[in-house]
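Below is one structure; the comments refer to it alone.
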Amino acid sequence: MPDSEAPLDDLTPLVSGVRTGDERAFRALFDALYAPLRRFAFSLVRDAAVADDLVQDAFVRLWDRRERLDDALPVRAYLFRIVRNLAYNTRRDDATRRRLLDDPVAYDSAAVPRGFAAPDAAASGDDLSGRLAGWMDELPQRQREALLLSRVEGLSHAEVAEAMGCAPRTVNNHLVAALGTLRRRLTEAGAMVASFGWMLS
């Protein structure tokens with residue numbers, strides 16, 4: 001695990017290096033992207049150990065496919081997409097295992113990411129950031145993904161579209177809907193929204 005998050009400058013030289021088998025370039029890419037990828041993985045699976053495994057697996061896959069990489073590959077979005085797909089595969093497999101164990105209560109709960117707050121749990125607190133986190137957890141899956149990738153991880157609309165496997169216009173639609181819901185919830189709660197302008201703008 002890298003000690004700190006490296007700056008996200010132009011990653012093209014690193015992709016070129018990885019493609020030719022340069023382990024130092026691969027390590028630099030890992031250091032640059034590990035933290036945001038892990039945050040995203042954790043937001044999907046809510047398990048720190050699983051999130052670590054997913055990110056490491058994503059980088060292993062990148063290394064295994066290095067000879068087929070294009071220097072112009074949007075590698076950040078590409079890795080977010082791998083992590084996203086691995087996370088959903090993990091959740092699906094977990095749900096299948098629970099069903100096969102014939103535990104209907106556990107199987108029903110497996111459809112919802114582990115650790116997500118119950119609808120009113122976070123909103124009942126006094127902490128606005130806790131409420132906001134709870135409301136984000138309640139968003140439809142695709143809206144939450146778009147919001148996390150765009151506003152939290154700082155991906156461009158094009159990168160979010162690549163990571164989510166959809167058109168940039170669809171990303172925009174998800175963001176508009178998500179931000180509209182959060183603004184409405186904040187207004188309904190009578191909360192002060194100034195401190196969260198960076199997310200809702």
Side-chain angles (χ1 to χ4, degrees), residues 5 8 33-48 50-51 54-55 58 74-96 107-125 127-201:
E5 191 172 336
L8 289 176
L33 294 176
Y34 179 87
L37 287 168
R38 189 188 179 283
R39 280 193 303 267
F40 182 59
F42 183 79
S43 76
L44 298 177
V45 298
R46 298 297 189 183
D47 183 307
V50 173
L54 294 178
V55 175
V75 70
R76 189 164 61 141
Y78 178 71
L79 283 166
F80 271 101
R81 186 171 192 170
I82 293 175
V83 167
R84 174 184 177 273
N85 291 342
L86 290 171
Y88 289 134
N89 289 345
T90 297
R91 283 172 39 190
R92 182 198 62 220
D93 293 346
D94 185 51
T96 300
Y107 176 64
D108 289 344
S109 67
V112 177
R114 287 168 289 176
F116 275 41
D120 293 326
S124 65
D127 181 25
L128 182 57
S129 63
R131 291 183 183 199
L132 186 60
W135 295 331
M136 286 180 65
D137 283 348
E138 294 171 15
L139 291 170
Q141 175 181 305
R142 301 283 280 176
Q143 291 181 23
R144 186 173 63 249
E145 276 180 32
L147 193 63
L148 287 169
L149 290 170
S150 173
R151 296 300 197 267
V152 177
E153 300 305 339
L155 273 66
S156 68
H157 273 44
E159 289 175 319
V160 175
E162 172 69 23
M164 293 180 63
C166 63
R169 178 175 291 186
T170 303
V171 169
N172 188 64
N173 291 342
H174 287 317
L175 287 172
V176 167
L179 294 172
T181 298
L182 294 179
R183 286 190 191 102
R184 186 172 64 254
R185 294 298 299 267
L186 287 165
T187 300
E188 289 169 357
M192 297 296 292
V193 301
S195 61
F196 293 96
W198 64 273
M199 176 173 283
L200 300 182
S201 60

Are Asp47 and Phe42 close enough, and set up right, to give a side-chain contact (heavy atoms from CB on, under 4.5 Å), and what steps lead you there?
CA-CA 6 Å; Asp47 183 307; Phe42 183 79; 5.5 Å; no
Check step by step if side-chain contact (heavy atoms from CB on, under 4.5 Å) holds for Glu159 and Leu149.
CA-CA 9 Å; Glu159 289 175 319; Leu149 290 170; over 6 Å; no
Test log, rule side-chain contact (heavy atoms from CB on, under 4.5 Å), inputs Gln143 and Asn173
CA-CA 9 Å; Gln143 291 181 23; Asn173 291 342; over 6 Å; no
side-chain contact (heavy atoms from CB on, under 4.5 Å), that's the test. Do Val160 and Leu175 meet it? Break it down for me.
CA-CA 11 Å; Val160 175; Leu175 287 172; over 6 Å; no
Full working for salt bridge (charged side-chain N to carboxylate O under 4.0 Å, His left out) between Glu138 and Arg185
CA-CA 11 Å; Glu138 294 171 15; Arg185 294 298 299 267; 2.9 Å; yes
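In plain terms, the two heavy atoms of Tyr78 and Glu162 that are nearest each other are N-CG, 4.4 Å. Taking every heavy atom of both residues into account, Ala58 and Leu79 meet most closely at O-CD2, 3.9 Å. Here the closest non-hydrogen pair linking Ala77 and Leu155 is CA-CD2, 4.4 Å. Across all their heavy atoms, Pro168 and Ala161 have their closest contact at N-CB, 3.7 Å. Here the closest heavy-atom approach between residue Asp137 and residue Arg46 is recorded as OD1-NH2, 2.7 Å.
For the atom pair CE of Met136 and OG1 of Thr181, the computed distance is 11.5 Å after rounding to the nearest 0.5 Å. The line from OG of Ser150 to CG of Leu179 is 8.0 Å long, rounded to the nearest 0.5 Å. Taking CZ from Arg39 and OH from Tyr34, the interatomic distance works out to 11.5 Å, rounded to the nearest 0.5 Å.
Remark: Ala87 engages Leu44, Val45, Leu54 in a side-chain contact (heavy atoms from CB on, under 4.5 Å) (not counting sequence neighbours). Under the rule for a side-chain contact (heavy atoms from CB on, under 4.5 Å), the partners of Arg142 that lie at least two apart in sequence or sit in another chain are Arg84, Glu145, Met164, Cys166, His174. Remark: Arg81 engages no residue in a side-chain hydrogen bond (donor to acceptor under 3.5 Å, both in side chains) (not counting sequence neighbours).
Side-chain contact between Ile82 and Leu37: absent, with no pair of heavy atoms (C-beta onward) separated by less than 4.5 Å. Taking 4.5 Å as the limit, some side-chain heavy atom of Leu186 sits within range of a side-chain heavy atom of Trp135.
Ion pair Arg76/Glu153 not flagged as a salt bridge, since none of the NZ, NE, NH1 or NH2 atoms sits closer than 4.0 Å to an Asp/Glu carboxylate oxygen.
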